[in-house]
Amino acid sequence: MLDPKLIRTELNAVAERLKIRNVELNVAHIQSLESARKEIQTRTEEMLAKRNARSKMIGKAKSAGQDIQPLLDDIDDMGAQLAQSKQQLDAIQEELNKELLAIPNLPHESVPPGDSDADNVEVDRWGDPRDFDFVPKDHVDLGALHGSMDFETSAKLSGSRFVILHGQIARLQRALTQFMLDVHTREHGYQEVYVPYLVKAESLLGTGQLPKFAEDQFKIAGENELYLIPTAEVPVTNIARDEIIEEDRLPLRYVCHTPCFRSEAGSYGKDTRGMIRQHQFEKVELVQLVRPDDSWQAHAELTGHAEVILQKLGLPYRVVNLCAGDLGFSAAKTLDLEVWLPGQQTYREISSCSNYLDFQARRMQARWRNSATGKPELLHTLNGSGLAVGRTLIALLENYQMADGSVRLPQVLHPYMHGDSIINVG
RNA sequence: GGAGGGGUGGCAGAGCGGUUGAAUGCACUGGUCUUGAAAACCAGCGUACCGAAGGGUACCCAGGGUUCGAAUCCCUGCCCCUCCGCCA
């Protein structure tokens with residue numbers, strides 16, 4: 001959520017800035033709501049003040065032992081009027097709040113203009129795509145060759161966009177997860193957390209998936225309103241919801257491995273082949289809660305932490321600055337890491353590292369105590385994949401395949417594979 | 001699933017329906033004292049909204065209700081705790 005003060009005082013400037021996202025703010029509507037709110041609130045509070053003063057007088061008279069009956073007789077009935085005024089105020093505040101919750105974050109000045117991923121700007125590139133002396137297969141063909149990536153049986157169990165992994169490939173996914181967690185906890189100073197995979201609507205509201213993107217979430221049946229998490233970002237960031245964190249505990253750096261569940265509504269026909277876009281996938285997520293002054297520095301560091309994984313695995317990638325049109329709802333800026341996939345001859349997103357500034361923190365009331373002012377102030381929140389495990393698995397298979405379909409594993413993974421250096425076919 | 005007990009400021013913890021935004025302690029900030037620190041003492045110390053200001057309004061888990069007046073009484077919901085049962 002944007003600062004309501006900003007909406008009140010700089011509405012036109014906010015609307016102007018949001019145009020870069022192709023978001024058209026209904027300025028007139030918000031302005032009329034706001035001025036109505038002001039008027040009704042003032043009127044309501046005046047009535048309340050009158051009522052309070054009167055009641056206080058009765059209380060004084062009574063404690064002084066005076067007869068309060070004349071005072072009671074004198075009271076005109078303003079109850080109905082007050083109730084009506086209160087109701088109007090509630091209604092208008094609710095509507096105003098609804099409007100505010102639907103406004104996306106303001107893009108940072110370094111965010112390039114543009115409408116789609118075609119307008120994203122490459123800012124860095126690491127590693128050279130390997131030269132193959134044979135035609136590299138994609139991960140689906142490789143998986144089939146190994147007999148350990150099964151989309152037919154998973155479809156029988158659960159429908160499309162699921163997978164069953166077997167044997168060494170299943171183990172490789174687990175190895176990658178352990179490897180990533182170890183690097184981030186041992187080398188980058190993150191604390192490992194384990195969190196619930198089902199969350200309340202409030203938590204999704206806090207990070208910005210609700211109310212606008214309800215159709216992207218899996219909501220479970222049952223008496224409790226719970227959702228499967230689309231990313232560990234939701235439970236981990238919400239740890240700080242309604243909390244005031246002491247300054248000496250900052251920055252908080254969490255790393256968390258969870259499955260992620262996405263309905264992928266609206267992506268029909270997109271990435272239907274293989275493991276690129278699944279309803280369920282594994283991810284290792286980095287989350288940081290920092291002092292506002294530190295968030296851009298933290299964003300650069302966090303992105304670097306995700307890059308380290310790709311570098312250690314020897315996977316070529318590029319860094320892309322998302323254009324305004326491709327930027328997520330809550331983010332002020334996002335750097336995507338895109339890994340090279342020889343089977344597709346293209347770079348594909350494997351990590352998304354975002355700074356949300358105080359946008360999520362305001363929704364969640366996640367605060368810290370500023371020792372300079374002594375006051376609680378909003379935190380800045382950030383997160384990034386470190387990395388998407390399923391896509392890393394794909395990238396490894398495709399980049400390290402050999403002519404016969406076997407896969408040579410990078411050194412760093414050998415300990416996690418019980419010393420195996422190659423995944424052989426058959 | 002059964003039976004009880006709770007949700008009050010950063011924390012702990014009081015609070016006959018009336019001058020309570022809320023005692024007290026801790027923590028925190030400033031001051032006195034001290035070479036310095038500790039201790040002691042004094043003072044200050046919630047959040048949000050409206051207003052140029054004086055000031056006003058709201059908030060004691062949430063939502064309703066009773067009342068001239070609700071942290072305090074009633075109802076509903078949510079959450080937590082204890083005991084019993086069941087269970088990976």
Rounded [atom1] spacing from [N] to [M] in Å:
{"N": "B/U8", "M": "B/A70", "atom1": "C1'", "answer": "14 Å"}
{"N": "B/G17", "M": "B/G55", "atom1": "C1'", "answer": "27 Å"}
{"N": "B/C60", "M": "B/A71", "atom1": "P", "answer": "7 Å"}
{"N": "B/U67", "M": "B/U72", "atom1": "P", "answer": "16 Å"}
{"N": "B/G63", "M": "B/C78", "atom1": "C1'", "answer": "10 Å"}
{"N": "B/A37", "M": "B/G31", "atom1": "P", "answer": "11 Å"}
{"N": "B/C45", "M": "B/G30", "atom1": "P", "answer": "15 Å"}
{"N": "B/G77", "M": "B/G21", "atom1": "C1'", "answer": "27 Å"}

Who does [N] pair with, Watson-Crick or G-U, both distances under 3.5 Å?
{"N": "B/A52", "result": "none"}
{"N": "B/A70", "result": "none"}
{"N": "B/A38", "result": "none"}
{"N": "B/G44", "result": "B/C28"}
{"N": "B/G1", "result": "B/C84"}
{"N": "B/C79", "result": "B/G6"}

For [range], which residue pairs pass the salt bridge (Lys or Arg N to Asp or Glu O under 4.0 Å) check, not counting sequence neighbours?
{"range": "residues 85-102 of chain A", "answer": "none"}
{"range": "residues 382-398 of chain A", "answer": "none"}
{"range": "residues 194-214 of chain A", "answer": "A/E202-A/R241"}

Output one line per pair: protein atom, nucleotide atom from nucleotides 6-16 of chain B, and distance, for all N/O pairs under 3.5 Å.
unit_1 : atom_1 : unit_2 : atom_2 : d
B/G10  : O4'    : A/R369 : NH2    : 3.2

Rounded to the nearest Å, what distance is computed from the CG atom of residue A/D242 to the P atom of nucleotide B/A48?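 Spelled out: CG on A/D242 to P on B/A48 is 14 Å.
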Whole angstrom is fine here: how far is it from CZ in A/R43 over to C1' in B/C49?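 About 17 Å, once rounded to whole Å.
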Please tabulate, for the side chains in residues 356-368 of chain A, all donor-acceptor contacts under 3.5 angstrom to protein atoms that are two or more places apart in sequence or on a different chain.
unit_1 : atom_1 : unit_2 : atom_2 : d
A/Y356 : OH     : A/N383 : OD1    : 3.4
A/Y356 : OH     : A/N383 : ND2    : 3.3
A/D358 : OD1    : A/R362 : NH1    : 3.4
A/D358 : OD2    : A/R362 : NH2    : 2.9
A/Q360 : OE1    : A/T381 : OG1    : 2.7
A/Q360 : NE2    : A/T207 : O      : 3.0
A/Q360 : NE2    : A/E233 : OE2    : 2.8
A/R362 : NH1    : A/M1   : O      : 2.7
A/R363 : NH1    : A/L205 : O      : 2.7
A/R363 : NH1    : A/L210 : O      : 3.2
A/R363 : NH2    : A/L101 : O      : 2.5
A/Q365 : NE2    : A/R362 : O      : 3.1
A/W368 : NE1    : A/L378 : O      : 3.3

Pull out every protein N or O sitting under 3.5 Å from an N or O of nucleotides 25-29 of chain B, one pair per line with the distance.
none

Of all residues at least two apart in sequence or in a different chain, which pass the side chain to side chain donor-acceptor pair (under 3.5 Å) check with A/K333?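 Counting only residues at least two positions away or on another chain, A/K333 forms a side chain to side chain donor-acceptor pair (under 3.5 Å) with A/S110.
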Table please: side-chain donor-acceptor pairs of residues 418-425 of chain A below 3.5 Å, with sequence neighbours left out.
unit_1 : atom_1 : unit_2 : atom_2 : d
A/D420 : OD2    : A/Q168 : NE2    : 2.8

Does [X] pair with [Y] as a salt bridge, N-O distance under 4.0 Å?
{"X": "A/R273", "Y": "A/D138", "result": "yes"}
{"X": "A/R253", "Y": "A/E301", "result": "yes"}
{"X": "A/K312", "Y": "A/E187", "result": "yes"}

Annotated protein contacts, base or backbone, on nucleotides 50-75 of chain B with a non-hydrogen cut-off under 4.0 Å, one of B, S, - each: SS----BBS---------BS------
With ring-ring contact (aromatic ring centres under 6.0 Å, His included) as the rule and sequence neighbours excluded, what pairs involving [range] come up?
{"range": "residues 260-294 of chain A", "result": "A/F162-A/H279, A/F218-A/H279"}
{"range": "residues 235-256 of chain A", "result": "none"}
{"range": "residues 282-306 of chain A", "result": "A/H108-A/W296, A/H188-A/H305, A/Y190-A/H305, A/W296-A/H299"}

5'-most by nearest nucleotide on RNA chain B - A/K375 or A/K60: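 Its nucleotide being nearer the 5' end, the pick is A/K60.
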